[in-house]
**Q** 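Can you keep this structure in mind? I'll have questions shortly.
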Number of protein chains: 4
Amino acid sequence: MSNNQLKAIVERIEALEDDKAIIAEGIKDIYTEAKSNGFDPKILKQIVALRKKDAAKVAEEKVLLATYMDALGMLADTPLGQAAIERVSRS
Amino acid sequence: MSNNQLKAIVERIEALEDDKAIIAEGIKDIYTEAKSNGFDPKILKQIVALRKKDAAKVAEEKVLLATYMDALGMLADTPLGQAAIERVSRS
Amino acid sequence: MSNNQLKAIVERIEALEDDKAIIAEGIKDIYTEAKSNGFDPKILKQIVALRKKDAAKVAEEKVLLATYMDALGMLADTPLGQAAIERVSRS
Amino acid sequence: MSNNQLKAIVERIEALEDDKAIIAEGIKDIYTEAKSNGFDPKILKQIVALRKKDAAKVAEEKVLLATYMDALGMLADTPLGQAAIERVSRS
DNA sequence: CACTGGAAAATGCCGC
DNA sequence: GCGGCATTTTCCAGTG
């Protein structure tokens, strides 16, 4: 009967979501531990995000950002401009 | 700074994030399977969300009650305060 | 690409964000002032949040009801379904 | 009496929050409009964020990120990365 | 001055 | 493929 089936579905989902939450907790713990060892969690997150991101897409976004910034006269040879380009790879 | 330490941190995070992604995939699969059995995924999601919300609500009910007790100290016996009291008794 | 167009877009966004920041400042000021008059900002915030939540709840009550009606189509007449019906009448 | 005072406070806050929400809406509209004119909203957001961000902080974060990446061997083989590092050390 | 909680922004998923 | 929505993630002010 559909009743038991529904119950089973909901419970399976909830079990997996619990697992997911536990893992997320674990990730958080690692960041906390890393922080207590002197690593900046924010930067660590940027590293992880960068490694995950597709390289081609990173390059493409860099070009686009550079184009926009150039249009605004922001790019030139300024450290700020360079930082902006780098920033794309982090986003 | 220890390069190896940094490497270990990043890799541990990435491993856990992989696990998390796999579980998320599993959840998605359940919804898909449920759909093929005639259960509307959208409604299922709402049911799951509702149950989670309710669980959280029960857990924090005592906190909420305490807050209201405090608030009533500010409110004196005003209509707003009365409404608050009623709300607590309903939740 | 039109440099002027881009410049205009960015400037319009920044102008609005300034406005938004000013308003946020004003809100903060009210909390500060209230605090100096003996109102606990934390509780005030909770009251405001609660009222907003309630407003949203009223607005979506019909949606929620519809969801439950749909869910009952999946559920047939099961205990879970019955509980759902009761929940709707309580909320 | 404190009742009216509380009511006034809450209502002033809510009024300002409404204003804030309206402005936020306006910002979103601009992004939408810009997108329909061929501007990538994501990049636009990066531009706006960059302009807002304190320049010194940008530089500082950039150095830290470069350091971490270097430790992971991620940076060495990218000319852009090299240029970025050199640029920072000059600035 | 680090921590927690809540607001804001960003991402990803779902439907058309 | 795009827009809207929900979830997740990020940020920031308040607190001890």
Side-chain angles (χ1 to χ4, degrees), chain A residues 13 16-17 20-21 23-25 27-29 31-36 38 40-46 48-49 52-54 57 61 87-88 90-91, chain B residues 13 16-17 20-21 23-25 27-32 34-35 40-50 52-53 56 59-60 63-64 67, chain C residues 13 16-17 20-21 23-25 27-32 34-35 39-50 52-53 56 59-60 63-64 67, chain D residues 13 16-17 20-21 23-25 27-29 31-36 38 40-46 48-50 52-54 57 61:
Chain A
I13 292 168
L16 287 185
E17 294 203 332
K20 190 151 74 83
I23 292 176
E25 187 97 1
I27 293 173
K28 249 191 68 181
D29 289 348
Y31 279 112
T32 301
E33 176 199 333
K35 180 179 187 176
S36 76
D40 183 333
K42 182 175 180 164
I43 307 293
L44 284 176
K45 259 170 210 176
Q46 290 172 350
V48 171
K52 180 159 48 179
K53 199 165 188 172
D54 180 65
K57 197 166 203 173
E61 283 192 4
R87 178 160 255 294
V88 168
R90 276 184 265 148
S91 61
Chain B
I13 291 168
L16 287 185
E17 293 205 333
K20 190 151 75 85
I23 291 177
E25 187 93 1
I27 293 172
K28 252 189 62 180
D29 289 348
I30 295 179
Y31 279 112
T32 302
K35 182 176 188 176
D40 183 335
K42 181 192 175 83
I43 295 170
L44 285 176
K45 239 168 233 180
Q46 286 180 282
I47 290 171
V48 170
L50 184 61
K52 180 160 41 176
K53 212 165 126 190
E60 70 173 304
V63 173
L64 184 63
T67 298
Chain C
I13 291 169
L16 287 185
E17 294 205 333
K20 190 150 75 84
I23 291 177
E25 187 93 2
I27 293 172
K28 251 190 63 181
D29 289 348
I30 295 179
Y31 279 112
T32 301
K35 182 176 188 177
F39 296 96
D40 182 335
K42 181 192 175 82
I43 294 171
L44 285 176
K45 240 169 230 180
Q46 286 180 284
I47 291 172
V48 171
L50 183 62
K52 179 159 39 176
K53 211 165 124 188
E60 69 173 303
V63 174
L64 185 62
T67 298
Chain D
I13 292 169
L16 287 185
E17 293 204 333
K20 192 150 72 83
I23 291 177
E25 186 96 1
I27 293 172
K28 249 191 67 182
D29 289 348
Y31 280 112
T32 302
E33 175 199 333
K35 179 177 189 177
S36 76
D40 184 332
K42 181 173 182 168
I43 308 293
L44 284 176
K45 260 171 209 176
Q46 290 172 347
V48 171
L50 181 65
K52 178 161 48 180
K53 195 165 187 174
D54 179 64
K57 196 166 206 172
E61 278 192 10

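Residue numbers begin at 1 in each chain, while the letters A, B, ... track the order of the sequences.
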**Q** At what angle, to 10 degrees, do the two end axes of the helix from dC1(E)-dG16(F) to dC16(E)-dG1(F) meet, given five pairs define each axis?
**A**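 That helix gives 10° between its end axes.
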**Q** For K53(B) and dA6(F), what is the distance between atoms NZ and P respectively, to the nearest whole Å?
**A**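 Value for this atom pair: 11 Å.
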**Q** Please state how far atom CG in D40(D) lies from atom P in dG3(F), giving the value in whole angstrom units.
**A** 12 Å
**Q** In whole Å, I'd like the distance from the CD atom of E17(C) to the P atom of dC11(F).
**A** 15 Å
**Q** Could you tell me the separation between the CD1 atom of I27(A) and the P atom of dT9(F), rounded to a whole number of Å?
**A** 8 Å
**Q** Between A24(D) and P41(B), who's closer to the 5' end of DNA chain E by nearest nucleotide?
**A**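 Final value for this comparison: A24(D).
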**Q** What distance do I30(B) atom CD1 and K28(B) atom NZ have between them, rounded to the nearest 0.5 Å?
**A**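 Taking CD1 in I30(B) and NZ in K28(B), the distance rounds to 13.0 Å.
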**Q** Roughly, in whole Å, what's the span from OH in Y31(C) to P in dT15(F)?
**A**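 Nearest whole value for this atom pair: 12 Å.
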**Q** Apply side-chain contact (heavy atoms from CB on, under 4.5 Å) to residues K35(A) and T32(A) and explain how you reach the verdict.
**A** CA-CA 5 Å; K35(A) 180 179 187 176; T32(A) 301; 5.6 Å; no
**Q** Can you tell if the side chain of V48(C) reaches within under 4.5 Å of the side chain of Y31(C), non-hydrogen atoms only?
**A** yes
**Q** Taking atom P of dG4(F) as reference, at what distance in whole Å does atom CG of D29(D) sit?
**A**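 In whole Å, dG4(F) P lies 10 Å from D29(D) CG.
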**Q** Could you list the protein-to-nucleotides 1-7 of chain E atom pairs, N/O on both sides, closer than 3.5 Å?
**A**
residue, atom, partner, partner atom, Å
dC3(E), OP2, K35(A), NZ, 3.3

**Q** Working to the nearest 0.5 angstrom, can you tell me the gap between I23(B) CD1 and I23(A) CD1?
**A** 3.5 Å
**Q** Can you see which heavy atom on E61(D) is nearest to which on I43(A), and at what distance?
**A** O-CD1, 4.1 Å
**Q** Please round to the nearest 0.5 Å and tell me the distance separating atom NZ of K53(C) and atom CD of Q46(C).
**A** 10.5 Å
**Q** In whole angstroms, how far is the C1' atom of dA8(E) from the CD1 atom of I23(D)?
**A** 15 Å
**Q** Between atom CG in L50(D) and atom P in dA9(E), what is the gap in whole Å?
**A** 17 Å
**Q** Evaluate the criterion side-chain contact (heavy atoms from CB on, under 4.5 Å) for residue pair K20(C) and L16(C); output intermediate values, then yes/no.
**A** CA-CA 6 Å; K20(C) 190 150 75 84; L16(C) 287 185; over 6 Å; no
